[in-house]
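In what follows, a structure is listed as structure tokens, so that the remarks can point back to it.
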Amino acid sequence: MQIWLDQVREEPFNWDETRSVAPETLEHPELISLGPIEWKGQVTFVDPGYYLRARLSYEQTLSCDRCLKPIVEPTESDVELLILVEHASGAAGEHELHEKDLGVLSVQGETLETEPILMEQLELNIPMKPLCRPDCKGLCPTCGADRNETACSCEEPTADSRWAALAALKSRLEAPGR
Ligand SMILES: [Zn+2]
Ligand SMILES: [Zn+2]
């Protein structure tokens, strides 16, 4: 969505829409699906810039980092940004200052594109390692059984691999000649 800032000078701009975003566009394999996104906000003129306030609410489905089970998570986030219009004649020093300042967005020209703001929020709301529960036991690396539900009879892989490594070392040492 494009907001014409010239018009915002006259009166605040409001939007309230439902968006659908394909989860693949976010390039996070753990993000399985995204429900309809309620996306609403307002841009007002605050001399010399503009003030944007917006809210997103939706449901996201992530796969558990350990057991791959889907986790449905209601998600909500608020955005507040000061929008400053950067004129071609603006001093370079001023630009650097804005970049460092969190919550300030510099735009060129008289239009504001809201899409990158929405996408950034979706990105920020994806946790690093989603877990279905804090103590998720994950899947057995040998048979793939969900250890939260069944105790499989596989041997502990750590002990197993240690013995295997030792046996390999032993047979190499015992091998006659080369
Ligand atoms: Zn899990
Ligand atoms: Zn197993």
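In listed order, ligands and their atoms are each counted from 1.
- Angle SG (C136) to the Zn ion (ligand 1) to SG (C64): 110°, rounded to 10°.
- With the Zn ion (ligand 2) as the vertex, atom SG of C154 and atom SG of C152 span an angle of 110° (nearest 10 degrees).
- Rounded to 10°, the angle formed at the Zn ion (ligand 1) by C132 SG and C67 SG is 110°.
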Q: Could you give me the CA-CA distance, side-chain angles and deciding distance for T61 and E73, then say whether side-chain contact (heavy atoms from CB on, under 4.5 Å) is met?
A: CA-CA 6 Å; T61 307; E73 216 177 52; over 6 Å; no
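- Counting only heavy atoms from C-beta outward, the side chains of H28 and L62 never approach each other to under 4.5 Å.
- Between D146 and K69 there is a salt bridge, since a side-chain N of the basic residue sits under 4.0 Å from a carboxylate O of the acidic one.
- A donor-acceptor contact closer than 3.5 angstrom links the side chains of N125 and S77.
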